[in-house]
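As structure tokens, the structure follows; a few thoughts come after it.
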Amino acid sequence: ANCVESCGVTRYRASLLPAETERLTMDATDYSRFTDRARRVIDLANHEAASLGHDCLAAEHILLGLASEGHGVAAHVLEHLGQDVDTLRAGVARMVAPGPQSLPFHDFPLTPAAKRTIEFAHEDVQRLGHSYVGTEHLLLGLMRVHDSVAVRLLVDADVDPNEVRNEVFHLLGHPELIEDSPGDEG
């Protein structure tokens, strides 16, 4: 089964995903500029995918990794907005069918939404003039992938993606960016 099928994405939702052959502007699996916390988020996301029986790493797994990391900017923003990992995990389980069994942990391939999340994180790094990818950049990137399960999960919980981005910009000391929130270009 491919990632779309095994992650429980319905045919309707699969039609919302960009083509698998979409050319990406960078290698989304290059974690060389990631902070230790951002790398830990990706590890936690892979563990979340494995525990749900999914054989791919999707945007919702990155959201769970961000929430469960616990100490980075992203975890603080999510907590401030009332989003804890247990509630988010239950929401993912409702929205995405779990696999038949938990899988052994390993680095799963990225879905198109997860790839776009990481690409957008790199774009935000450049835009903010930073030299690293932190949890805050992953969260900013995630909020730009409007068709992802992760964003729909937050929206269903009455959390506006722009509010998330604005909270990150506020914590980073970039008030000039607070109403400038680009959307998904892909």
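Residue numbers start at 1 and run along the sequence shown. Note that the structure is a prediction, hence the values are computed from the model and not measured.
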Salt bridge present between R40 and E69 (N-O < 4.0 angstrom): no
Verdict with reasoning, V155 to D160, per side-chain contact (heavy atoms from CB on, under 4.5 Å): CA-CA 6 Å; V155 168; D160 182 332; over 6 Å; no
For D124 and R165, what are the C-alpha separation, side-chain angles and deciding distance, and is it a salt bridge (charged side-chain N to carboxylate O under 4.0 Å, His left out)? CA-CA 11 Å; D124 284 324; R165 291 179 62 81; 3.6 Å; yes
Rounded distance (nearest 0.5 Å) linking atom CG of L66 with atom NE2 of H61: 13.0 Å
Minimal non-hydrogen separation, V149 against V96, with atom names: CG1-CG2, 3.8 Å
Taking the side chain as C-beta and beyond, is there a heavy-atom pair between F120 and L142 under 4.5 Å? no
Is the side chain of T135 donor-acceptor paired with the backbone N or O of V73 at a distance under 3.5 Å, no angle test? yes
Strictly below 4.0 Å, N to O, side chains only: are R116 and D147 in salt-bridge contact? yes
Pairwise distance CE(M95) to CG(D156) - rounded to 0.5 angstrom: 5.0 Å
Taking all heavy atoms of V145 and all of V151, pick out the closest pair and write down the distance. O-CG2, 3.4 Å
With sequence neighbours left out, the residues meeting side-chain contact (heavy atoms from CB on, under 4.5 Å) with D86 are D84, R89
In short, T111 meets A58 closest at the heavy-atom pair OG1-CA, 3.4 Å
If you take all heavy atoms of T35 and G134, which pair is closest and at what distance? OG1-CA, 3.8 Å
Parallel, tilted or perpendicular: ring planes of H130 versus H137, cut at 30 and 60 degrees: perpendicular
Let me confirm one number: the CG-CD distance from L88 to E48, rounded to the nearest 0.5 Å. 9.5 Å
Measure across L172 and L128 and return the closest heavy-atom pair with its distance rounded to 0.1 Å. CD1-CD1, 4.0 Å
Quick one: pull up CG in L140 and CD in E167 and give me the separation to the nearest 0.5 Å. 11.5 Å
Can a salt bridge be assigned to the pair R152 and E60 using a cut-off of 4.0 Å between side-chain N and carboxylate O? no
Checking H76 side chain against H71 main chain: does a donor-acceptor pair fall under 3.5 Å? yes
Answer whether the closest heavy-atom distance between the side chains of I62 and L139 falls below 4.5 Å. no
Note, P109 side chain near L57 side chain (heavy atom, < 4.5 Å): no
Tell me whether the NZ or CZ atom of R33 lies within the 45° cone about the ring axis of Y132 and under 6.0 Å from its centre. no
Closest heavy-atom contact between S148 and A59? CB-CB, 3.7 Å
Side-chain contact test, heavy atoms from C-beta onward, threshold under 4.5 Å: evaluate it for V77 versus L81 and give yes or no. yes
Please report the interatomic distance CG(L63) to CG(L78), rounded to the nearest 0.5 Å. 6.0 Å
Applying side-chain contact (heavy atoms from CB on, under 4.5 Å), can you list everything that pairs with E79, at least two apart in sequence or on another chain? none
Taking the side chain as everything from C-beta on, heavy atoms only, tell me whether I118 gets closer than 4.5 Å to L138. yes
Are the side chain of S68 and the backbone N or O of L64 linked by a donor-acceptor pair below 3.5 Å? yes
